[in-house]
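Working notes for the structure below.
FYI, the numbering just counts along the sequence from 1. Quick caveat: nothing in here was measured; it's all calculated off a predicted structure.
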Amino acid sequence: MRYDLVIFDNDGVLVDSEPISNRLLAGYLTELGHPTSYEDSLRDYMGGAMHRVHDLVLERTGRRLPEDFDGVFHGRVFAAFERELEPVPGAVGVLEKLAADGVAYCVASSGSHERIRVGHRKAGLDRWFDDGRIFSSQDVGRGKPAPDLFLHAAGRMGVAPERCAVIEDSPLGVQAAVAAGMDVYGFTAMTPAAKLAGATRLFADMGELADLLAG
């Protein structure tokens, strides 16, 4: 393995949550008078922290979202997770390989700590991630595309940025990893390859990742 630390994004990389959360986000914004399609949500918000939703709506409409927006949205998302959420195919195999080879790994997600933990529990990934391996945009001042979260995760894990590989599926996440000075592997299962063009490598099957990282 040519890296000392593998940093995973969470939504869409470890847990197959992006279709669920973006469908619900588009629906809720539309309910509130901000017409948003599923495709709009993927384009504008995928990979970003919740403050990005608030910021873009305010910028575009001059109106603030309700104070309880995050709580209502997450309530809907968590309920849907309980019904529908699964791990990304191949993710467990990658984690097993990293653990067997003694390679450090962690997750650095724009989602809240609660969202990460709920998703991992439902998808059966919680046994792979103790508290010391979970980092959220809640832990830093600026979320992706700023590099802060990835740099924070690497610092807490004691690894220099140039020795880290980031696994991302969103343009915002790729931008953040590049800004952090890390190699980034762009997962194209849901995102067109052209939108992840800044990545070090692109791949479409999570089952391929362990070999790519070792290459």
Side-chain angles (χ1 to χ4, degrees), residues 5-28 38 41-43 45-50 52-53 70 73-99 103-139 143-144 149-150 153 165-174 176-177 184-191 195-196 199 202-210 212-213:
L5 175 64
V6 179
I7 305 176
F8 290 93
D9 176 44
N10 190 55
D11 294 292
V13 170
L14 293 174
V15 294
D16 196 14
S17 54
E18 292 291 10
I20 299 170
S21 58
N22 282 282
R23 182 186 76 229
L24 293 172
L25 179 58
Y28 189 25
Y38 173 72
S41 185
L42 289 176
R43 181 194 66 223
Y45 305 121
M46 182 174 166
M50 285 302 295
R52 180 176 176 84
V53 182
D70 290 13
F73 173 64
H74 283 124
R76 295 182 183 187
V77 168
F78 295 164
F81 280 2
E82 292 293 340
R83 298 189 302 268
E84 306 174 40
L85 190 64
E86 299 289 342
V88 167
V92 170
V94 174
L95 294 171
E96 288 175 341
K97 175 67 172 169
L98 293 176
V103 179
Y105 64 88
C106 65
V107 61
S109 171
S110 293
S112 66
H113 279 280
E114 182 183 16
R115 177 180 172 129
I116 297 167
R117 292 176 194 284
V118 168
H120 283 188
R121 177 182 55 75
K122 178 59 177 67
L125 299 181
D126 46 340
R127 70 191 183 96
W128 299 101
F129 292 94
D130 57 29
D131 289 349
R133 296 180 191 266
I134 296 177
F135 304 99
S136 161
S137 61
Q138 290 179 310
D139 303 330
K144 305 169 189 178
L149 177 56
F150 290 138
V166 174
I167 318 303
E168 265 289 354
D169 71 332
S170 75
L172 294 175
V174 168
V184 54
Y185 289 71
F187 184 41
T188 62
M190 274 196 62
T191 307
K195 293 190 175 184
L196 303 179
L202 297 174
F203 70 106
D205 182 348
M206 191 60 67
E208 303 171 356
L209 180 61
L212 291 176
L213 292 171

Next on the checklist: Run the side chain to side chain donor-acceptor pair (under 3.5 Å) test against Asp130 and tell me which residues pass, sequence neighbours left out.
Outcome noted: none
Checklist entry - Can you name the residues that form a ring-ring contact (aromatic ring centres under 6.0 Å, His included) with Phe81, not counting sequence neighbours? => result none
Item to check | Pairs flagged by salt bridge (Lys or Arg N to Asp or Glu O under 4.0 Å) wherever residues 15-26 is involved - sequence neighbours left out | outcome: Arg23-Glu84
Next on the checklist: Would you say the rings of Phe129 and Tyr105 are close, in the sense that their centroids are separated by under 6.0 Å?
Outcome noted: yes
Checklist entry - Can you list the residues that meet the side chain to side chain donor-acceptor pair (under 3.5 Å) rule with Glu96, with sequence neighbours excluded? => result none
Checklist entry - Sub-3.5 Å donor-acceptor pair from the side chain of Thr191 to the main-chain atoms of Asp169, do we have one? => result yes
Checklist entry - Side-chain contact, heavy-atom cut-off 4.5 Å: Leu209 with Phe8? => result yes
Checklist outcome for this item: The side chain to side chain donor-acceptor pair (under 3.5 Å) partners of Asp9 (sequence neighbours excluded) come to Lys144
Checklist outcome for this item: Across all chains, not counting sequence neighbours, the ring-ring contact (aromatic ring centres under 6.0 Å, His included) partners of Tyr28 are Phe69
Checklist entry - Does Ser136 have any side chain to side chain contact (heavy atoms under 4.5 Å, CB included) partners at least two apart in sequence or in another chain, and if so, which? => result His113, Ile116, Gln138, Asp139
Checklist entry - What pairs with His120 under side chain to side chain donor-acceptor pair (under 3.5 Å), at least two apart in sequence or on another chain? => result Asn10
Item to check | ring-ring contact (aromatic ring centres under 6.0 Å, His included) against Phe78, all qualifying residues, sequence neighbours excluded | outcome: His74
Item to check | Qualifying residues under ring-ring contact (aromatic ring centres under 6.0 Å, His included), relative to Phe187, sequence neighbours excluded | outcome: Phe203
